[in-house]
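Structure, as structure tokens:
Everything quoted here is computed from the prediction, not taken from an experiment.
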Amino acid sequence: MSIRRDRIRDVLKTGSEGQMVVVCGWVRSRRESKTFAFLVLNDGSCQATLQCIIDQNIPGFALLGQCQTGAAVRIEGELKPSQGKGQSWEVHAKKLELYGEANPETYPLQKKGHTLEFLREIAHLRGRTNTFGAVWRLRNSLAHGVHDFFQNRGFMWAHTPIITANDCEGAGEIFTVTSLDLNKIPRNDKAQIDWSKDFFGKHAHLTVSGQLQGEFLALSHGDIYTFGPTFRAENSNTTRHLSEFWMIEPEMAFADLEDDMQLAEDLIRFLCTWAIKKCPDELSFLSDMYKGMTPDEIVKLGESKFARMTYTDAVKELEKATVKFEFPVKWGVDLQSEHERYLTDQVFKGPVIVTNYPKDIKSFYMRQNDDGKTVAAMDVLAPKIGEIIGGSQREERLDRLEARIREMKLPLDDLQWYVDLRRYGSVPHAGFGLGFERIVQYLSGMANIRDVIPCPRAPQTIAF
Ligand code: 4AD
Ligand code: MG
């Protein structure tokens, strides 16, 4: 016997009067009168709930007492136009079945209006709230949109490794992957860990970025993108950092910084338009609740060109600012999120692409500019969040790249395969990384990045 059912989303969209439907879901509320009751169901397929009328004469009516908030039920019934406001359809039940009760004494989602902090402690149940129902569906749609965007532009989705021996960003913020017995760590004669005895014969760790491998795939296939999890052992307890996050990294052969910026802007604008098309109910709910961008503002963002500014001009703008920053600014310092937000929220009132950063605050692989001081880097900054994209044109000149790796005291031996790409058929190429959670944050208006991924990983945080 099959228990297949109709999704509430489909019932509401394509239902017709008198149609027999089977809906399964979790009870949001129950109201009883003498001879019948209302059960309001949500099944996670859409923002809306579906009201079901349970008459005392139907099979299963006796179960009604157990159908409390949070209980899982199955209802077969007939679709009728709803009298209630805000509802197009309701179900007149012919049969009620109960799958799982939810004890009202202990089920944590009794009342509305729990804090996001509280909901983080019950991450396994928070998807049943309106807020997280909306955020997870938006996240799904944006992921779909990312693939749609790149596939339609002829980019190949490339799968780069999760375990690697290369630290792409060179910042040492890595999680070691080992099968060594931690109670008996082998050491060499200098008392250093002898990684040659480890599983891979080298110090391996979780990847911080798929870029380095993405580059060799671009140098055989032209335009590629990665979309996968990345990991950073950065001890930052902020509302924009996770230890495990998803990143989208396009890499284009035969492309420069200008092409890179255009792709970044096109992608974000595409995702705005896509999100409005796919998740209108979710976005209007979230904007009412959390005061992020309104749906109209998202539409407008999808249609507007992004401001652009060099790092040097950005610093001049920040030095002119009358507000007092916690971290003082001068040419050469890395922009802090307070600076980024000043530029987006105060100066441009929208996203801005900042280019040509000082080479000393950026990664080794970025293409060195002729001024000897800056590199062909670009960051896309978004209001309230700051950096959502970081990218660059890559250094394609063998001698320049090797010199930079030496200068920065990075392990040239381990990077030989990467340097090799400059030896055989090197071409100008460029790419960027979009933090997936940051774009979900931007479009959903959620203030904390831990509320846009189902199971957030952060320092001291790994439940669920
Ligand atoms: O600027 P990042 O470190 O750049 C790279 O990793 C390059 N290899 C990308 C490339 O050129 N292919 O990271 C890229 C983006 C950031 O702009 C940010 O959106 C996101 O990844 N990001 C994080 N998101 C959440 N939590 C963190 N700890 C993040 N660190 C970076
Ligand atoms: Mg960055």
If only atom types and distance count, is the side chain of [X] paired as donor or acceptor with the main-chain N or O of [Y] below 3.5 Å?
{"X": "D345", "Y": "K384", "result": "yes"}
{"X": "Y311", "Y": "D334", "result": "no"}
{"X": "H144", "Y": "K278", "result": "no"}
{"X": "D198", "Y": "G201", "result": "no"}
{"X": "R450", "Y": "L242", "result": "no"}
{"X": "R422", "Y": "Y418", "result": "yes"}
{"X": "E340", "Y": "E387", "result": "yes"}
{"X": "N152", "Y": "D148", "result": "yes"}
{"X": "S236", "Y": "T238", "result": "no"}
{"X": "R120", "Y": "D451", "result": "no"}

Less than 4.0 Å between a side-chain N and a carboxylate O, is that true for [Y] and [X]?
{"X": "K13", "Y": "D10", "value": "no"}
{"X": "R394", "Y": "E251", "value": "yes"}
{"X": "D194", "Y": "K184", "value": "no"}
{"X": "D43", "Y": "R7", "value": "no"}
{"X": "D256", "Y": "R367", "value": "no"}
{"X": "K359", "Y": "E395", "value": "no"}
{"X": "K316", "Y": "E319", "value": "no"}
{"X": "K300", "Y": "E303", "value": "no"}

**Request:** Let me see the working for Y342 and Q336 under side chain to side chain donor-acceptor pair (under 3.5 Å), right down to the final yes or no.
**Result:** CA-CA 10 Å; Y342 177 81; Q336 300 294 323; over 6 Å; no

[X] versus [Y]: any side-chain heavy-atom pair under 4.5 Å?
{"X": "M446", "Y": "L116", "result": "yes"}
{"X": "F306", "Y": "M261", "result": "no"}
{"X": "V146", "Y": "F227", "result": "yes"}
{"X": "L301", "Y": "P351", "result": "yes"}
{"X": "Y357", "Y": "M366", "result": "no"}
{"X": "N42", "Y": "W26", "result": "no"}
{"X": "L219", "Y": "V427", "result": "yes"}
{"X": "T69", "Y": "L109", "result": "no"}

Please report the shortest heavy-atom distance between [X] and [Y], naming the atom on each side.
{"X": "D260", "Y": "G391", "result": "OD2-C, 4.0 Å"}
{"X": "Y99", "Y": "C24", "result": "CE1-SG, 4.3 Å"}
{"X": "P295", "Y": "S287", "result": "CD-OG, 3.6 Å"}
{"X": "S392", "Y": "Y365", "result": "OG-CE1, 3.8 Å"}
{"X": "C46", "Y": "I8", "result": "SG-CG2, 4.0 Å"}
{"X": "L138", "Y": "C279", "result": "CA-SG, 3.9 Å"}

**Asked** In terms of the angle between their ring planes, are H203 and W195 parallel, tilted or perpendicular, with boundaries placed at 30° and 60°?
**Response**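 Geometry flag for W195 against H203: parallel rings.
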
**Request:** Could you check whether the rings of Y225 and W157 sit parallel, tilted or perpendicular, using 30° and 60° as the cut-offs?
**Result:**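 Answer is parallel, since the angle falls under 30°.
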
**Item:** Candidate pair D360 and R404, rule salt bridge (charged side-chain N to carboxylate O under 4.0 Å, His left out), full reasoning
**Value:** CA-CA 10 Å; D360 292 330; R404 192 69 187 136; 3.4 Å; yes

In Å, rounded to the nearest 0.5 Å, how long is the span from [atom1] of [X] to [atom2] of [Y]?
{"X": "I248", "Y": "L271", "atom1": "CD1", "atom2": "CG", "result": "7.5 Å"}
{"X": "S141", "Y": "I276", "atom1": "OG", "atom2": "CD1", "result": "11.5 Å"}
{"X": "F231", "Y": "I163", "atom1": "CZ", "atom2": "CD1", "result": "9.0 Å"}
{"X": "T176", "Y": "I193", "atom1": "OG1", "atom2": "CD1", "result": "7.5 Å"}
{"X": "L434", "Y": "E249", "atom1": "CG", "atom2": "CD", "result": "10.0 Å"}
{"X": "N166", "Y": "S209", "atom1": "CG", "atom2": "OG", "result": "10.5 Å"}

**Request:** Could you check N356, T355, N369, T310 and say which one makes a side chain to side chain donor-acceptor pair (under 3.5 Å) with T374?
**Result:**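 Passing option: N369.
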
**Message:** Quick check on side chain to side chain donor-acceptor pair (under 3.5 Å): which of E396, E215, Q393 does H429 satisfy it with?
**Reply:**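 Among E396, E215, Q393, the one that satisfies the side chain to side chain donor-acceptor pair (under 3.5 Å) with H429 is E215.
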
Check the side chains of [Y] and [X] for a donor-acceptor pair under 3.5 angstrom, ignoring hydrogens and angles.
{"X": "Y290", "Y": "T131", "answer": "yes"}
{"X": "T312", "Y": "W331", "answer": "yes"}
{"X": "E437", "Y": "Q441", "answer": "no"}
{"X": "R137", "Y": "Q47", "answer": "yes"}

**Request:** Evaluate the criterion side chain to side chain contact (heavy atoms under 4.5 Å, CB included) for residue pair D259 and F254; output intermediate values, then yes/no.
**Result:** CA-CA 9 Å; D259 301 313; F254 314 104; over 6 Å; no

**Asked** Which is it for L263 and F150 under the side chain to side chain contact (heavy atoms under 4.5 Å, CB included) test, yes or no, and what are the steps along the way?
**Response** CA-CA 10 Å; L263 184 73; F150 285 114; 4.2 Å; yes

**Asked** Centroid-to-centroid, W417 to F216, below 6.0 Å?
**Response**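 Yes; F216 has its ring centre under 6.0 Å from that of W417.
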
**Message:** For F327 together with H339, are the ring centres under 6.0 Å from each other?
**Reply:**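 No, ring centres 6.0 Å or more apart.
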
**Request:** With side chain to side chain contact (heavy atoms under 4.5 Å, CB included) as the test, would you mind laying out the steps for R153 and M252 before giving the verdict?
**Result:** CA-CA 12 Å; R153 286 179 175 228; M252 298 176 287; over 6 Å; no

**Message:** Is it the case that atom OH in Y107 sees more than 12 heavy atoms from other parts of the structure closer than 6.0 Å?
**Reply:**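 Yes, OH of Y107 has more than 12 neighbouring heavy atoms, counting only those of other groups under 6.0 Å.
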
**Prompt:** Is it the case that more than 12 heavy atoms not belonging to F199 sit under 6.0 Å from its CZ atom?
**Reply:**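 No, the 6.0 Å shell around CZ holds no more than 12 heavy atoms from other groups.
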
**Request:** Would you sort out whether L257 and M378 count as a side chain to side chain contact (heavy atoms under 4.5 Å, CB included), showing the intermediate values?
**Result:** CA-CA 8 Å; L257 189 65; M378 63 105 186; 3.8 Å; yes

